[in-house]
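Shown next, in structure tokens, is the structure this report addresses.
Per chain, numbering begins at 1; letters A, B, ... match sequence-line order. A quick note: this is a predicted structure, and the numbers were derived from the prediction, not measured.
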Amino acid sequence: MKTYFVDVILPLAIGKTYTYRIPKQFNDSIAVGKRVVVQFGKTKIYSAIIHNVHEKAPERYEAKYILDVLDEKIIVKAEQLALWEWIADYYLCQLGEVMQAALPSALKLASETKIIAADLDTIDRNELNEKEYLILDALEISPEIKVSDIIKLLGQKTVLPILKGLLDKGVIRISEEIAERYKPKKKAFVSLNPVYEDQEAKRELFESLNRAPKQLDAVMTYIHFKRSQEKISKAELLEKSGCGSSALTALVNKEVFNIQEEVVSRISENSDEFLKEVILSEAQQKAFDEIKEGFINKEIALLYGVTASGKTEIYIKLIHEVVDEGKCALYLLPEIALTTQIIERLRFHFGSKIGVYHSRLSENERAEVWKKVLDGEIQIVLGARSSVFLPFCDLGLVIVDEEHEVSYKQFDPAPRYQARDTAIFLGYLHQAKVLLGSATPSIESYYNAKAGKYTLVALNQRYGTAQLPVIEIVSLKSDVKQKAANPYFTPTLIKNIEETLAKKEQVILFQNRRGHTPILLCATCGYSPKCIHCDVSLTYHKSSGQMHCHYCGFREDLIHVCPACGSTHLQNKGFGTQRIEEELGYLLPDAKMARLDLDSTRSKYSFEKILADFDEHRYDILIGTQMVAKGLDFGKVSLIGIINADSLINYPDFRAFERSFSMLSQVSGRAGRRDIQGKVIIQAYATGHRILEQVVNHDYETMFLTEVTERKSYGYPPFYRLIKIEVKHKDNLRVVDCANRLAIQLRQQFGERVLGPEEPLIGRIRNYYINTLLLKMERATVSISKVKEVLRNTLESYHTDKLNKGSFLHVDVDPY
DNA sequence: AGCACGCCGACT
DNA sequence: GTCGGCGTGCTC
Ligand SMILES: [Zn+2]
Ligand SMILES: [Zn+2]
């Protein structure tokens, strides 16, 4: 019999795989992509993924045995492992970090592992030592015990060798719940005994029940609802008939009703299996045909469709085709755009074939979607960023809607991946077609399309008769007197709001989130409370009455006296949207207003609720941040006001102009529906800025051309690749030393392509000082794989240099 | 990531 | 003199 070894991936930021030995009894159950339970270090137990199987015994050390195999079927497919490796390689991070991001944590396991007794009767207790005895005793009292509880029980940290001994003796087992930590939800359904389908039998039943009115009610209710629905659950029947469970039990005992338990998905859904036909308009059909034609020669297409042009119908039709061929489809959306509306719409077409995957799901729900995709029960996934990691088989189509959205990029922690780009690679792995969609494509995607890498399909007709809104730029500079009276609203905007409300139409006001967080400010000396661990101002949270740091979670009670000058004139500036709401309250006391921002949408369904209420005209004015650009078409909005466009445009980032354009265009797109032509008022100081002009003219093309020219001359994407390196150190002087040393080393390889080091906007986070380096590599002439290789080597030697002790690096490839 | 081993300050 | 602080290195 052979002795096998496996190299496993651990869910840790470690750069290598570890080799474990396979006990003979597991020889037949191991396979690449299955999870195994391993002990790593003295005390830790992890579930690891088998990366490869071999027979080479390690020479320099003795491999530990795996403790268990968790899966009967593989849980991570070969394509997924290939994707993980690509991500680790491209984004310069560890495989374990990718694993962490990819696997739902219900499928991972740490020392929260539970053990159960295997067979208490056959154990010869005399063979056990005192500690083993203690564990057995505990297991007799409670059937499941966590490893961490055993540590407490024995009062010692190294319990795994003992447990391992017990495992080997066959006394204990690792609880299945690790493997199946998520449990399918069961639901009881009621059905009528088929003998009563006969009219005569039914009549007799009614007569026999006339002295049991509750039971008769239950039967009648059942028959009534059975006409319109396929299945009736026990709970539903009890509720609708108004009778208690005793009546139902009596009927079950009489064998009138039958109750069976069925596994139902945790994810609420209507099991509507009918696939509905999509009817496309002429323009949509033309775009659809162009996409299909493009897919013959190119794997990737970009659908550039203006707001409300009906891109979704095209997506649905494409998905239909793929599903009919028996393949899977992935429909990616930014988290914030993944609303109930879009989910319902897709459910309507695809019923239970569709699965939804996003960060608001519970861990069990995520694991359930994972398994269903694995088993092929779910063919279509509608999901946010992390759904690129799901175990698809035979993927035929990947759609990335709102392709330009920044939220496709994960910034922290590693893997710092771009889900749109990852989706493109995923498509390549599965030989699937990829469709990117946007009303304002990112410069890089549009450039790729223009350069012929992607098929470009334009859809520039708004659906139905909806017209483009009229956009007006209003200067914030003009009225000095007026401004003193109120800093947010120009008379023009106020006048327009009043007119709109008089027509019984609705208004949306947009305020940029950035730079409008609620900080405390001393009116006398300008002091504002800072975090003690980070170089940022604390933000005030009304709910807790405390000031919080967003970077490290530090909290402090609200202060009432300025620690710098002793003044008591401390102003709480509040959220930007809050202040606007207040100001507007004075100006228009009768208007009903709602806020849509981080603060007002903290609770679970509040986002949906606010939008629904607004849609039903319970509010006249909606004041919101970036969020109002999302959500589907709602309300009877005919006026949109941008409070201050400068804060968007002046943001210090090479993509600020591009983002401002897409933000302002998207928000503007919310104005006007069907019969009403919308109006947009943009307030700004820099009224002559080219971006504003381009927004007014709905001129994406010119925006694109000017951006491309600028990026080419200043060395930014799509012409250059960017790699950001953050050097961190507890000491503010040594961080500069380390960064400089690294810069010199990198310059030996890359010359002037290395920029910096410089201190970033926030110079210290969690007590670590930060310096950043930026690498700019010409995309056309520099081989990225060579760059990465050199970089990997340089970074490795950085860590071995004694001078760099105490510092560490964060690498971010494509940091935008 | 977590844990142990090891080297320097303040406290019985 | 020791207790404990965290900085450093290893885990198959
Ligand atoms: Zn002050
Ligand atoms: Zn902080």
Side-chain angles (χ1 to χ4, degrees), chain A residues 3-23 26 30 32 34-69 84 88 93-103 105 107-113 146-152 154-164 167-168 412-416 533 552 727-735 737-738 766-769 795-811:
Chain A
T3 301
Y4 289 111
F5 293 89
V6 289
D7 298 339
V8 300
I9 309 167
L10 288 158
L12 299 170
I14 300 179
K16 49 189 164 185
T17 54
Y18 284 79
T19 308
Y20 284 84
R21 188 167 166 173
I22 303 297
F26 289 130
I30 49 163
V32 172
K34 282 191 187 179
R35 289 171 304 154
V36 291
V37 180
V38 295
Q39 183 185 342
F40 185 64
K42 284 221 159 59
T43 56
K44 282 282 151 187
I45 289 185
Y46 293 101
S47 77
I49 297 285
I50 300 181
H51 180 264
N52 56 294
V53 182
H54 57 86
E55 292 173 49
K56 297 186 288 284
E59 288 165 12
R60 301 183 55 93
Y61 57 90
E62 196 165 343
K64 281 197 174 102
Y65 282 97
I66 64 159
L67 302 176
D68 204 354
V69 180
W84 292 10
C93 65
Q94 276 11 6
L95 253 189
E97 292 174 311
V98 185
M99 175 180 170
Q100 283 257 304
L103 271 191
S105 55
L107 298 175
K108 286 176 242 163
L109 123 115
S111 296
E112 291 304 284
T113 311
K146 284 192 278 183
V147 173
S148 51
D149 289 335
I150 292 174
I151 292 172
K152 279 182 218 149
L154 299 182
Q156 71 182 63
K157 282 183 182 171
T158 353
V159 298
L160 281 170
I162 302 168
L163 290 182
K164 197 172 165 291
L167 265 171
D168 291 344
D412 246 351
R416 299 180 175 79
H533 309 297
C552 70
V727 182
K728 297 197 175 191
H729 201 291
K730 286 222 166 165
D731 187 301
N732 65 338
L733 296 172
R734 287 184 61 193
V735 72
D737 278 356
C738 291
R766 292 172 183 269
N767 275 330
Y768 279 94
Y769 290 89
L795 300 185
E796 203 167 299
S797 68
Y798 178 89
H799 285 293
T800 49
D801 191 336
K802 293 270 182 263
L803 287 167
N804 296 325
K805 263 184 194 166
S807 96
F808 57 95
L809 306 173
H810 273 181
V811 185

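The ring pair (Phe, Tyr, Trp, His ring centres under 6.0 Å) check on A/H533 picks up A/F554, with sequence neighbours excluded. Here A/Y768 pairs with A/F808 under the ring pair (Phe, Tyr, Trp, His ring centres under 6.0 Å) rule; sequence neighbours left out. With sequence neighbours left out, A/R21 forms a side chain to side chain donor-acceptor pair (under 3.5 Å) with A/Y65.
Between the C1' atom of B/dA1 and the CG atom of A/L10 lies a distance of 10 Å, rounded to the nearest Å.
Under the salt bridge (charged side-chain N to carboxylate O under 4.0 Å, His left out) criterion, the residue pairs touching residues 50-62 of chain A are A/K2-A/E55, with sequence neighbours excluded.
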Can you give each donor-acceptor pair under 3.5 Å made by side-chain atoms of residues 8-20 of chain A, sequence neighbours left out, with the distance rounded to 0.1 Å?
residue	atom	partner	partner atom	Å
A/T19	OG1	A/D7	OD1	2.9
A/T19	OG1	A/Y61	OH	3.4
A/Y20	OH	A/Q39	O	2.7

Produce the list of close N/O pairs, under 3.5 Å, pairing protein atoms with atoms of nucleotides 7-11 of chain C; give distances to one decimal.
residue	atom	partner	partner atom	Å
C/dT11	O3'	A/G41	N	3.3

